[in-house]
**Q** 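Here it is: the structure, laid out below.
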Amino acid sequence: MEVLGRDPRAEATRVAVGTGTSRLVGLVPDTLITEGRRLTGGHGHQTLYEWIAAHARAIETTLRALREGRRVASPLNRIRLERE
């Protein structure tokens, strides 16, 4: 899982999985990450990276399911594929 940075327009963090033709880039909404957490007080980036690391497998599974057109259960159904 590679964190590509925040997309302020989408109010999400861009992440990527895979390489080459199997590379998928997705948008993980800020609201999904911040539910029950605060990304303030100077710890926002650390909290964000920790949350993504803890959920990396689920995020990757979600991105692959979206690419294949399968449904994703809530709350991960808010993650979106980004078209590069």
Side-chain angles (χ1 to χ4, degrees):
M1 174 80 44
E2 180 182 359
V3 177
L4 303 175
R6 189 165 181 284
D7 181 334
R9 193 179 76 224
E11 296 184 354
T13 298
R14 294 177 68 240
V15 297
V17 297
T19 59
T21 59
S22 67
R23 181 176 169 91
L24 295 171
V25 177
L27 296 166
V28 180
D30 295 344
T31 56
L32 181 62
I33 297 169
T34 60
E35 286 178 354
R37 290 172 178 73
R38 294 182 58 200
L39 297 181
T40 59
H43 303 289
H45 282 89
Q46 179 180 345
T47 302
L48 179 135
Y49 279 93
E50 288 172 358
W51 189 93
I52 289 174
H55 296 86
R57 182 174 287 172
I59 293 168
E60 181 171 356
T61 299
T62 298
L63 292 174
R64 294 192 189 289
L66 291 171
R67 180 186 62 191
E68 296 167 4
R70 291 186 283 128
R71 289 186 178 220
V72 177
S74 181
L76 296 178
N77 61 344
R78 293 185 278 174
I79 294 173
R80 299 285 175 243
L81 281 175
E82 179 184 84
R83 307 289 183 218
E84 287 193 296

**Q** What distance separates L48 CG from R6 CZ, expressed to the nearest 0.5 Å?
**A**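 Between L48 CG and R6 CZ, I get 9.0 Å after rounding to 0.5 Å.
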
**Q** Any side-chain heavy-atom pair from R23 and E2 closer than 4.5 angstrom?
**A**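 Side chain of R23 against side chain of E2, heavy atoms only: contact under 4.5 Å found.
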
**Q** For residues 56-65, tabulate all N or O donor-acceptor pairs below 3.5 Å that involve a side-chain atom, not counting sequence neighbours.
**A**
| unit_1 | atom_1 | unit_2 | atom_2 | d |
| --- | --- | --- | --- | --- |
| E60 | OE2 | R64 | NE | 3.2 |
| E60 | OE2 | R64 | NH2 | 2.9 |
| T61 | OG1 | R57 | O | 2.9 |
| T62 | OG1 | A58 | O | 2.8 |

**Q** Can you tell me how far apart CD (E11) and OG1 (T31) are? Round to the nearest 0.5 Å.
**A**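 Spacing of CD (E11) from OG1 (T31) equals 8.5 Å.
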
**Q** Is a side-chain donor or acceptor of R70 paired with a backbone partner of R67 at a separation under 3.5 angstrom?
**A**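 Checking the backbone N and O of R67 against the side chain of R70, no donor-acceptor pair under 3.5 Å is found.
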
**Q** I79 and side chain to side chain contact (heavy atoms under 4.5 Å, CB included): which single residue from L32, L27, V72 fits?
**A**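 Testing each of L32, L27, V72 against I79, the sole residue satisfying side chain to side chain contact (heavy atoms under 4.5 Å, CB included) is L32.
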
**Q** Say you draw a straight line from CD1 of I33 to OG1 of T47; how long is it, rounded to the nearest 0.5 Å?
**A**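 With rounding to 0.5 Å, CD1 (I33) is 10.5 Å from OG1 (T47).
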
**Q** Is there side-chain contact between V25 and R14, with heavy atoms separated by less than 4.5 Å?
**A**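 V25 reaches R14 side chain to side chain.
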
